[in-house]
Amino acid sequence: MLGLSKTLAVVGLATACLSLTACGGKKAHPQAQLAASNITTIGVNAYLWRATLDTLGFMPMLQTDSSGGVIVTDWYANPNAQGERMKLTVSILDKDLRADALQVAASRQVLQGGQWVEQPVQAATTQKIEEIILTRARDLRQRSVAGQ
């Protein structure tokens, strides 16, 4: 059996170790990286927002809401695909730069007999748009962290 002084010493040592683990057990992340992804003046991730605007800049914008993270384009007809048009809705769902923080929905219409008729959009189309936006957002973030 341990004496009272040895017991107090063991308890003190254990308490000190726990205190050190709680205070210093985690590695500090560089402040620039945290600030680059979280601090914005808008309600969503600034890199995803800017990347979306850059990517869809060729389309007419119908609605942009940086607080809610929603960008809605108006109908866009590709000059190389007469008789077909698309409309996109992009939702940015988080303040962090993550793949699941971005959602793209698309509507497609084809001109048939003078009327625009809804047609299905391939899932690969919206996935490709998401990939392009995410790649652009990552590039913007890397440039920002690097100070360019």
Side-chain angles (χ1 to χ4, degrees), residues 8 10-148:
L8 290 176
V10 169
V11 169
L13 181 59
T15 303
C17 287
L18 288 174
S19 297
L20 288 174
T21 302
C23 294
K26 295 181 181 179
K27 291 183 179 180
H29 295 288
Q31 189 64 26
Q33 288 182 357
L34 291 176
S37 67
N38 289 327
I39 297 176
T40 64
T41 57
I42 61 176
V44 295
N45 184 277
Y47 300 116
L48 287 172
W49 182 258
R50 180 80 250 159
T52 301
L53 291 175
D54 289 351
T55 302
L56 303 181
F58 66 95
M59 299 178 82
M61 297 292 161
L62 192 60
Q63 174 189 357
T64 57
D65 176 11
S66 63
S67 297
V70 177
I71 296 173
V72 181
T73 70
D74 204 352
W75 290 105
Y76 171 76
N78 184 340
N80 297 328
Q82 294 294 329
E84 182 178 337
R85 65 185 187 174
M86 290 198 68
K87 183 177 189 175
L88 299 174
T89 301
V90 178
S91 301
I92 301 170
L93 308 170
D94 201 337
K95 289 188 177 189
D96 291 329
L97 178 52
R98 303 171 6 164
D100 62 352
L102 181 70
Q103 183 178 31
V104 175
S107 297
R108 177 177 166 253
Q109 293 182 340
V110 176
L111 191 59
Q112 293 178 348
Q115 299 285 343
W116 289 105
V117 179
E118 290 289 326
Q119 295 292 316
V121 177
Q122 294 180 356
T125 301
T126 56
Q127 289 172 346
K128 184 65 176 171
I129 294 168
E130 287 175 358
E131 288 173 16
I132 292 168
I133 293 170
L134 286 167
T135 299
R136 175 76 178 135
R138 289 181 191 114
D139 290 346
L140 289 170
R141 183 179 183 278
Q142 286 176 343
R143 287 185 193 157
S144 175
V145 171
Q148 294 179 346

Within a radius of less than 6.0 Å around CD of Q115, do more than 12 heavy atoms belonging to other residues, nucleotides or ligands occur?
no
Short question: side chain of Q103, backbone of L93 - any donor-acceptor pair under 3.5 Å?
no
Under the 3.5 angstrom rule, does the side chain of T73 hit a backbone N or O of L88 as a donor-acceptor pair?
yes
Can any side-chain N or O of T52 pair as donor or acceptor with the backbone N or O of L48 at less than 3.5 Å?
yes
Might you work through the side chain to side chain contact (heavy atoms under 4.5 Å, CB included) test for T89 and V72, ending with a clear yes or no?
CA-CA 4 Å; T89 301; V72 181; 4.0 Å; yes
Please report the shortest heavy-atom distance between D96 and A101, naming the atom on each side.
O-CB, 3.6 Å
Is the number of heavy atoms from other residues, nucleotides or ligands under 6.0 Å of Q122 CD greater than 12?
no
Do the side chains of M86 and V121 get nearer than 4.5 Å, heavy atoms only?
yes
Are the side chains of I133 and R136 in touch, meaning some heavy atoms are under 4.5 Å apart?
no
Would you compute the distance between atom OH of Y47 and atom CD1 of I92 and round it to the nearest 0.5 angstrom?
13.5 Å
Can you name the closest pair of heavy atoms from E118 and S107 and give their distance?
OE1-CB, 4.3 Å
Pair R108-Q119, side-chain donor/acceptor within less than 3.5 Å
no
When every non-hydrogen atom of A51 is compared with those of A137, the smallest separation belongs to CB-N, 3.4 Å
Can you confirm whether I71 sits close enough to W49 that some side-chain heavy atom of one is under 4.5 Å from a side-chain heavy atom of the other?
yes
Under 4.5 Å between any side-chain heavy atoms of L111 and R85, yes or no?
no
Between CG of N45 and CZ of R98, what distance do you get to the nearest 0.5 Å?
10.5 Å
Counting C-beta onward and ignoring hydrogens, is there a side-chain heavy-atom pair between L134 and R138 closer than 4.5 Å?
yes
Could you go through the side chain to side chain contact (heavy atoms under 4.5 Å, CB included) check for V90 and L102 one step at a time?
CA-CA 7 Å; V90 178; L102 181 70; 3.5 Å; yes
List the atom of A106, the atom of T126, and the distance in Å for their closest heavy-atom pair.
CB-CG2, 3.8 Å
